[in-house]
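Remember, predicted model here, so these are calculated numbers, not experimental data. The analysis underlying the following values was restricted to heavy atoms, covering all of them including side chains, and did not include hydrogens, waters or symmetry mates.
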Amino acid sequence: MNRRILVKEAVVRFGPQTVLDISRLAIGQSVRLAVMGESGSGKTTLLNILSGLENVSSGEVWWGDMRLDSLNAFQRDRFRGRNAGLVLQDFYLYPGLCVLDNVLLPTRLGAAAEGENLEERARALLDQLGLQRPRQSVDSLSRGEKQRVAIARALLNSPGVLLADEPTASLDAQNSAEVAELLVALARERGSTLICVTHDKALAARMDFCLELSKGTPVEAVFETSAGTDAEC
C-alpha cells in the first residue's frame, strides 16, 4: 500500500486542554524522522495518533488512501497490526516465555501473516539482531537484549511503517548506540518509514529529518524524501 502519511487540520484534546494541533504534517515513504521536544509538547500523542492507538478530536489522519481516523478502535488495531510495527520504551514482553515465543505470539494471536513461515523469519531476525539463543527466557535478558527482542517482534510482519517511542531511553550508552544503529539500518534495509520519538540526540542525528515540537505551537511540516541528509534538531 501507499505508505505516505498525511495529517491535516487535526487537533487532540484531553478535556478542555489542546495537547496537539497539526495544521498539516506529511511524511513520505521510507522517510526516517526523529520527533523531539520538551515534556508535554505532544510527542507521544503524535505517535499514538499516527499509529491509531488514539484518535484525533477533529481533523484527518491518512495512510495512503486509508483514512485512519474514520475507523473504529477495533479496525484501527487491525490496520496497525497489518501495516505498522511498534517499538516502545517499556518493551511489553511476556514474562515466562522464551525470546522466540515473545516475537511470535502477537502475530499468532492476530493471524496477521497466514501462510508464511513465521518461525523461520523470527529466527532470522533474532540472528540479525545478535540474539543467538531463541529459547532463552526473556526474564534472564539484559535491557538491551529485551529491546532487541521488541524490535524483532515489531519487524516480523515486514511493516511499511515502524514507530518507536523513546526506544533508547532506558538503555546505557553502549546499548543505546547499538539499538539506534540497528533501528535505522533495519528500516533502511527494508525501505520502511521510521518515526522515532526521542530525547536521544545521537539517535536523532542518524535520521533523515527532525521535527521539533513545542507546546502550543501548531505543526506544519512536510518530509518527503529519504535522501540521507543528517537530521538537525
Side-chain angles (χ1 to χ4, degrees), residues 3 5 27 30-36 43-54 63 76-77 79-95 97 99-107 109-110 112-113 118 121-122 124-131 138 141-172 174-211 226 231:
R3 300 190 306 271
I5 295 174
I27 304 170
S30 303
V31 161
R32 291 173 287 278
L33 174 67
V35 180
M36 305 188 79
K43 301 184 301 299
T44 296
T45 300
L46 174 60
L47 202 72
N48 286 346
I49 67 166
L50 294 181
S51 65
L53 285 170
E54 295 179 19
W63 281 44
R76 294 198 308 273
D77 288 347
F79 180 85
R80 180 175 58 254
R82 293 181 179 275
N83 296 285
L86 293 179
V87 180
L88 304 174
Q89 180 181 168
D90 294 327
F91 315 140
Y92 293 101
L93 302 181
Y94 297 88
L97 294 184
V99 168
L100 182 62
D101 285 342
N102 262 279
V103 174
L104 290 170
L105 187 58
T107 304
L109 291 174
L118 294 178
R121 289 175 55 190
L125 272 170
L126 290 169
D127 186 64
Q128 189 173 5
L129 287 161
L131 295 167
V138 294
L141 299 179
S142 69
R143 294 192 67 80
E145 289 170 329
K146 288 179 179 178
Q147 189 61 291
R148 291 167 190 250
V149 176
I151 291 171
R153 181 181 59 196
L155 289 170
L156 184 59
N157 280 332
S158 301
V161 179
L162 189 61
L163 303 121
D165 191 2
E166 299 286 5
T168 63
S170 61
L171 307 180
D172 60 35
Q174 180 177 343
N175 276 305
S176 291
E178 290 175 355
V179 166
E181 183 175 355
L182 283 167
L183 269 175
V184 176
L186 289 167
R188 180 182 294 114
E189 177 185 305
R190 288 161 171 75
S192 300
T193 301
L194 174 61
I195 303 171
C196 280
V197 166
T198 185
H199 285 96
D200 185 344
K201 292 184 178 180
L203 171 56
R206 297 175 185 270
M207 309 290 270
D208 299 325
F209 301 104
C210 179
L211 171 63
S226 56

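Considering all non-hydrogen atoms of both residues, Lys146 and Val138 come closest at CE-O, 3.2 Å. The heavy-atom pair separating Gln89 from Ser170 by the smallest distance is O-OG, 3.8 Å. Nearest heavy atoms, Ala177 versus Arg206: O-NH2, 3.8 Å. Taking both residues in full, the closest heavy atoms of Leu100 and Ala122 are given as CD1-CB, 3.6 Å, listed atom of the first, atom of the second, then distance. Across all their heavy atoms, Ser176 and Asp200 have their closest contact at CB-OD2, 4.2 Å. Between Pro167 and Val87 the shortest heavy-atom distance is CB-CG1, 4.2 Å.
Counting heavy atoms from C-beta outward, Thr198 and Met207 have side chains that stay 4.5 Å or more apart. Leu211 has its side chain within reach of Leu46: a pair of non-hydrogen atoms, C-beta onward, lies under 4.5 Å apart. A 4.5 Å side-chain heavy-atom check between Leu186 and Leu129 finds at least one atom pair inside the cut-off. At a threshold of 4.5 Å between non-hydrogen side-chain atoms, the residues Pro106 and Leu156 do not count as touching. Inter-residue side-chain proximity for Leu50 and Ile27 is flagged as met; some heavy-atom pair is nearer than 4.5 Å. A heavy-atom distance below 4.5 Å is not found between the side chains of Arg143 and Asn175. Contact of the Val99 side chain with the Leu141 side chain is registered, since non-hydrogen atoms from C-beta on lie closer than 4.5 Å. Using a 4.5 Å heavy-atom cutoff, the side chains of Val149 and Val103 are in contact.
Separation of atoms OG1 (Thr44) and CD1 (Ile49) is listed at 12.0 Å; rounding is to 0.5 Å. For the atom pair CG (Leu53) and CG (Asn48), the distance works out to 5.0 Å, reported to the nearest 0.5 Å. Separating the CG atom in Leu33 from the SG atom in Cys196 is a distance of 8.5 Å, to the nearest 0.5 Å. Within the model, atoms CG of Leu105 and CZ of Arg153 stand 9.5 Å from one another, a figure rounded to the nearest 0.5 Å. Leu155 CG to Leu126 CG: the interatomic distance, rounded to the nearest 0.5 Å, is 10.5 Å. The CG atom of Leu104 sits 6.5 Å away from the CG atom of Leu118 when rounded to the nearest 0.5 Å.
Checked by atom type and distance alone, the side chain of Trp63 never pairs as donor or acceptor with a backbone atom of Ser51 at under 3.5 Å. In this structure a side-chain-to-backbone donor-acceptor pair under 3.5 Å is missing from Asn157 to Pro159. Side-chain atoms of Glu166 come within 3.5 Å of backbone N or O of His199 as a donor-acceptor pair. When atom types are taken as modelled, the side chain of Asn102 and the backbone of Tyr94 share a donor-acceptor pair closer than 3.5 angstrom. Glu54 contributes no side-chain N or O that, together with a main-chain N or O of Thr45, makes up a donor-acceptor pair within less than 3.5 Å.
Around atom CD of Gln174, no more than 12 heavy atoms belonging to other residues, nucleotides or ligands sit under 6.0 Å away.
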Check your understanding: Could you go step by step and tell me if Thr168 and Gln147 meet the side chain to side chain contact (heavy atoms under 4.5 Å, CB included) rule?
Key -> CA-CA 8 Å; Thr168 63; Gln147 189 61 291; over 6 Å; no
Check your understanding: Stepwise, does the side chain to side chain contact (heavy atoms under 4.5 Å, CB included) test hold for Arg32 with Leu183?
Key -> CA-CA 10 Å; Arg32 291 173 287 278; Leu183 269 175; over 6 Å; no
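In this structure, Glu178 pairs ionically with Arg148, as a charged nitrogen and a carboxylate oxygen lie closer than 4.0 Å.
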